[in-house]
Amino acid sequence: LTSSGIVRSDIRSSFITSTTTAAGLLTTLKIKLVDANNGCAPLVGYAIYIWHCTNTGLYSLYTVPTESYLRGVQVTDSNGEVTFTTIYPGCYSGRWPHIHFEVYKSLDTATTNKNSLLTSQIAMPSAISSSVYNSVSGYSASISNFAQITLASDNVFSAFNATQLAAATPTLTGDTTSGYSGTVTIGLGS
């Protein structure tokens, strides 16, 4: 998280040594961070780190170690918001389609996951995932993987109750041609 270039809104390209851009359907995600103990007041100046897999279900720096795409950090604005431009994540075997995130008190503390105030995942909407995987080039591996997983069988989301799942699922608008944009609100409590 201390690498030059990690603080950015468009996370589609690698930023360390490669400049490769991840293929996939354009997706813009606005994340609003609020204080769950204070009337959902916006949390300003917090850092949010997100990362997710490619359209084929691989992770930069891990299964694709020479790439650093689909990762980025931003600082919440006066509305407690950050907006990331990315691609729609693929679905790999055994996991529901998702986006990982970590929340930090500030950019200065976003140096190691030990400083994270919250680490969790955003669950991608079922109907949109199905539509993307069945309609958009490059997502064919996700079709069978998605058919074999449910939220109830996922090793992370199965622990969420219905209210938590609803809160962890972004509201998206758009289509499989132009892409999707949406929002999700994350409540941080003590």
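The first residue of the sequence shown is numbered 1, and numbering continues consecutively from there.
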(Q) For a side chain to side chain contact (heavy atoms under 4.5 Å, CB included) check, start with the C-alpha distance between L1 and T111, then their side-chain angles and the critical distance, and finish with the verdict. (A) CA-CA 5 Å; L1 295 180; T111 57; 5.7 Å; no
(Q) Before you tell me yes or no, could you show the steps for F160 and L151 under side chain to side chain contact (heavy atoms under 4.5 Å, CB included), namely the whole-Å CA-CA distance, both residues' side-chain angles and the distance that decides it to 0.1 Å? (A) CA-CA 9 Å; F160 288 37; L151 286 163; over 6 Å; no
Q: Report the C-alpha distance between I50 and I122 in whole Å, list the side-chain angles of each, state the deciding distance to 0.1 Å, and finish with yes or no for side chain to side chain contact (heavy atoms under 4.5 Å, CB included).
A: CA-CA 10 Å; I50 72 165; I122 297 166; 5.6 Å; no
Q: I would like to know whether H52 and Y88 meet ring pair (Phe, Tyr, Trp, His ring centres under 6.0 Å); could you show each step before the answer?
A: CA-CA 9 Å; H52 64 83; Y88 202 90; 8.7 Å; no
Q) Given the rule in the side chain to side chain donor-acceptor pair (under 3.5 Å) test, do T27 and T86 qualify, once you have shown the distances and angles that lead to the verdict? A) CA-CA 5 Å; T27 302; T86 189; over 6 Å; no
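Residue S129 comes nearest to M124 through the heavy atom pair OG-CB, 3.7 Å, listed as atom of the first residue, atom of the second, then distance. Taking both residues in full, the closest heavy atoms of G138 and N55 are given as O-ND2, 3.3 Å, listed atom of the first, atom of the second, then distance. The two residues G90 and S142 make their nearest non-hydrogen contact at CA-OG, 3.5 Å. Heavy-atom minimum distance, L188 versus Y46: CD2-CE2, 3.8 Å. Heavy atoms only, all atoms of each residue included: Y104 and N113 are closest at OH-CA, 3.3 Å. Between C91 and I149, the shortest heavy-atom contact is SG-CG2, 4.2 Å.
Taking 4.5 Å as the limit, some side-chain heavy atom of F157 sits within range of a side-chain heavy atom of L165. F146 places a side-chain heavy atom less than 4.5 Å from the side chain of W96. With contacts defined as side-chain heavy-atom distances shorter than 4.5 Å, the pair I99/F84 does not qualify. Annotation: side chain of R71 is not in contact with side chain of I11 (no heavy-atom distance under 4.5 Å). Contact of the T17 side chain with the T66 side chain is not registered, since no non-hydrogen atoms from C-beta on lie closer than 4.5 Å. Within the 4.5 Å cutoff, the side chain of S3 has heavy atoms near those of the I16 side chain.
For S14 (side chain) and S68 (main-chain N/O), a donor-acceptor pair under 3.5 Å exists by modelled atom type. A donor-acceptor contact shorter than 3.5 Å links the side chain of R8 to the backbone of S13. Of the possible donor and acceptor atoms, none in the side chain of Q148 sits under 3.5 Å from a partner among the backbone N and O of S93. Looking only at distances, no side-chain donor or acceptor of N38 sits under 3.5 Å from a matching main-chain atom of A41. Side-chain atoms of T76 do not come within 3.5 Å of backbone N or O of E81 as any donor-acceptor pair. Using a distance-only test at 3.5 Å, with no hydrogens or angles considered, no donor-acceptor pair links the side chain of T28 to the main chain of S181. Checked by atom type and distance alone, the side chain of S158 pairs as donor or acceptor with a backbone atom of D154 at under 3.5 Å. Looking only at distances, a side-chain donor or acceptor of T109 sits under 3.5 Å from a matching main-chain atom of S106. One N or O on the side chain of T150 and one on the backbone of S153 form a donor-acceptor pair closer than 3.5 Å.
Taking the six-membered ring wherever Trp is involved, the centroid distance between the rings of W51 and F101 does not fall below 6.0 Å. Aromatic ring centroids of H100 and Y59 lie under 6.0 Å apart.
Cluster membership for L58 and L61, using ILVMFWY side-chain heavy atoms within less than 4.5 angstrom, is not shared. A single hydrophobic cluster is seen to contain both Y49 and V75, as judged by linkage of ILVMFWY side chains at heavy-atom distances under 4.5 Å, directly or through other members. In terms of hydrophobic clustering, with Ile, Leu, Val, Met, Phe, Trp and Tyr side chains grouped at heavy-atom distances under 4.5 Å, L33 and L107 are assigned to different clusters. Residues V73 and V184 fall into different hydrophobic clusters, defined by Ile, Leu, Val, Met, Phe, Trp and Tyr side chains chained together at heavy-atom separations under 4.5 Å. Clustering ILVMFWY residues whenever any of their side-chain heavy atoms sit less than 4.5 angstrom apart, transitively, puts I48 in a cluster other than the one holding F15.
In this view, Y139 and Y133 satisfy the ring-ring contact (aromatic ring centres under 6.0 Å, His included) rule, not counting sequence neighbours. With sequence neighbours excluded, the residues that form a side chain to side chain contact (heavy atoms under 4.5 Å, CB included) with S178 are D175.
In this structure, the separation between CD on E102 and CG on N115 is 10.0 Å, given to the nearest 0.5 Å. If you take OG1 on T171 and NZ on K30, they are separated by 12.5 Å, rounding to the nearest 0.5 Å. The OG atom of S135 sits 12.0 Å away from the CD1 atom of I128 when rounded to the nearest 0.5 Å. One distance of note links CG of N134 with CD1 of I143; it measures 4.5 Å at 0.5 Å rounding. Here L70 contributes atom CG and T21 contributes atom OG1; the two are 9.5 Å apart, rounded to the nearest 0.5 Å.
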